[in-house]
*Asks:* 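Below you will find the structure I want to go over with you.
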Amino acid sequence: QTRSQIKKKKRKLAAPSLNFGHESIRAHWNPKETLRQNYKRLGLAFSVDAAVKAAKDKEEKKGIISKELNEVQSLPKPAKYVPKSMPIDEQRRLIKLLSKHGEDYKKMARDIKINVYQQTEGELKKRIA
């Protein structure tokens with residue numbers, strides 16, 4: 001056998017394996033069924049056209065994956081992000097700036113004695129608001 005024949009045999013023997021990103025698809029995949037049969041059983045769309053048609057008809061999806069997705073969607077959502085409070089030094093600086101300049105952010109931005117980090121007008125507005 002020539003080298004090219006050996007390479008071809010190796011390629012044929014090393015058939016591509018199906019690597020799916022989601023563990024539930026991997027767990028429920030049946031290698032004895034065809035791709036289309038597996039997709040149908042799992043509740044996935046084989047073609048985009050079929051998925052669009054089903055979405056227009058508002059068909060109820062039936063399948064293992066769609067059941068799991070519904071369970072995941074019904075879980076309570078995590079709490080929204082709670083902003084952290086700013087450091088005490090920054091609070092003191094902003095209070096000094098407010099007491100000295102009121103609501104004039106331009107003057108606050110130019111006051112280098114109190115505004116030592118030289119925050120801009122916009123930054124000061126965000127921090128004060």
Side-chain angles (χ1 to χ4, degrees):
Q1 290 180 344
T2 62
R3 286 184 185 169
S4 62
Q5 290 172 333
I6 294 169
K7 284 183 183 178
K8 285 179 187 176
K9 274 190 180 179
K10 282 184 181 178
R11 260 189 257 137
K12 283 182 182 177
L13 291 175
S17 61
L18 296 171
N19 293 324
F20 296 106
H22 202 270
E23 64 271 356
S24 63
I25 295 176
R26 247 184 276 130
H28 298 293
W29 191 265
N30 185 356
K32 293 181 181 177
E33 291 182 353
T34 64
L35 183 72
R36 198 176 288 252
Q37 289 169 340
N38 271 310
Y39 270 38
K40 188 174 184 179
R41 188 173 46 80
L42 294 173
L44 301 172
F46 183 76
S47 68
V48 177
D49 295 331
V52 170
K53 185 179 176 186
K56 283 183 181 176
D57 297 342
K58 295 184 180 178
E59 290 179 13
E60 186 63 33
K61 293 181 181 176
K62 298 172 186 168
I64 297 165
I65 301 298
S66 56
K67 288 176 190 172
E68 288 182 15
L69 284 175
N70 289 336
E71 288 173 15
V72 169
Q73 288 175 345
S74 65
L75 292 174
K77 294 191 169 110
K80 289 190 176 183
Y81 172 75
V82 178
K84 297 176 184 171
S85 62
M86 62 177 80
I88 295 172
D89 323 351
E90 190 172 359
Q91 288 178 7
R92 288 184 185 142
R93 267 188 275 111
L94 292 174
I95 290 169
K96 283 182 187 177
L97 284 169
L98 278 170
S99 62
K100 186 174 181 182
H101 301 290
E103 294 291 318
D104 193 356
Y105 295 102
K106 273 189 179 179
K107 286 184 182 177
M108 286 186 203
R110 293 186 183 272
D111 187 352
I112 58 171
K113 289 185 179 176
I114 302 173
N115 186 11
V116 290
Y117 293 110
Q118 297 183 347
Q119 292 174 311
T120 63
E121 290 177 58
E123 289 171 347
L124 289 168
K125 281 182 186 176
K126 280 183 187 175
R127 298 305 284 173
I128 291 172

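Just so you know, these numbers come straight off a predicted model, no measurement behind them.
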*Asks:* Please report the interatomic distance OH(Y105) to OG1(T120), rounded to the nearest 0.5 Å.
*Replies:*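 Answer for the OH-OG1 pair, Y105 versus T120, is 12.0 Å.
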*Asks:* Decide whether M108 and Y117 are clustered together by the hydrophobic rule: side chain heavy atoms of Ile, Leu, Val, Met, Phe, Trp, Tyr closer than 4.5 Å, transitively.
*Replies:*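 Cluster IDs for M108 and Y117 differ.
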*Asks:* In Å, rounded to the nearest 0.5 Å, how long is the span from CD1 of I128 to CG of L97?
*Replies:*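 It comes to 6.5 Å.
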*Asks:* Would you confirm whether Q118, through its side chain, and I112, through its main-chain N or O, come within 3.5 Å as a donor-acceptor pair?
*Replies:*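 Not a single qualifying donor-acceptor pair exists.
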*Asks:* Is there a side-chain contact between Q1 and K9 in this structure, where contact means two heavy atoms from C-beta onward sitting under 4.5 Å apart?
*Replies:*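 Yes. Closest side-chain heavy atoms under 4.5 Å.
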*Asks:* At their closest point, which heavy atom of D111 faces which heavy atom of H101, and how far apart are they?
*Replies:*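 Closest approach of D111 to H101, heavy atoms only: OD2-NE2, 2.9 Å.
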*Asks:* With side chains defined as the heavy atoms from C-beta onward, is the minimum distance between E90 and Q119 less than 4.5 Å?
*Replies:*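 SC-SC contact between E90 and Q119 confirmed.
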*Asks:* Crowded around I6 CD1? As in, over 12 foreign heavy atoms under 6.0 Å?
*Replies:*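 Yes, enclosed.
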*Asks:* Pairing donors with acceptors under 3.5 angstrom, does anything connect the side chains of Y39 and Q37?
*Replies:*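 The answer is no; no qualifying pair exists.
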*Asks:* Evaluate the criterion side-chain contact (heavy atoms from CB on, under 4.5 Å) for residue pair R93 and N115; output intermediate values, then yes/no.
*Replies:* CA-CA 7 Å; R93 267 188 275 111; N115 186 11; 5.6 Å; no
*Asks:* Minimum heavy-atom separation for A109 to L124, with atom names?
*Replies:*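 That would be N-CD1, 3.7 Å.
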*Asks:* Same cluster or not: are I95 and M86 linked, directly or through other Ile, Leu, Val, Met, Phe, Trp or Tyr residues, by side-chain heavy atoms under 4.5 angstrom apart?
*Replies:*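 Result: no, two separate clusters.
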*Asks:* When you measure from the side chain of N38 to the backbone of N30, do you find a donor-acceptor pair of N or O atoms at a distance under 3.5 Å?
*Replies:*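 Pair found, side chain donor or acceptor close to backbone of N30.
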*Asks:* Could you walk me through whether L44 and I25 satisfy the side-chain contact (heavy atoms from CB on, under 4.5 Å) test, starting with their C-alpha distance in whole Å, then the side-chain angles of each, then the deciding distance to 0.1 Å, before giving a yes or no?
*Replies:* CA-CA 10 Å; L44 301 172; I25 295 176; 4.2 Å; yes
*Asks:* Measure the CG-CD distance between D104 and E121 for me, rounded to the nearest 0.5 Å.
*Replies:*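 D104 atom CG to E121 atom CD measures 8.0 Å (nearest 0.5 Å).
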*Asks:* Indicate, with yes or no, if F46 and V52 share a hydrophobic cluster defined by side-chain heavy-atom contacts under 4.5 Å among Ile, Leu, Val, Met, Phe, Trp and Tyr.
*Replies:*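 Unlinked, V52 and F46 end up in two clusters.
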*Asks:* Once you round to the nearest 0.5 Å, how far does CG of D89 lie from CG of L94?
*Replies:*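 That separation rounds to 11.0 Å.
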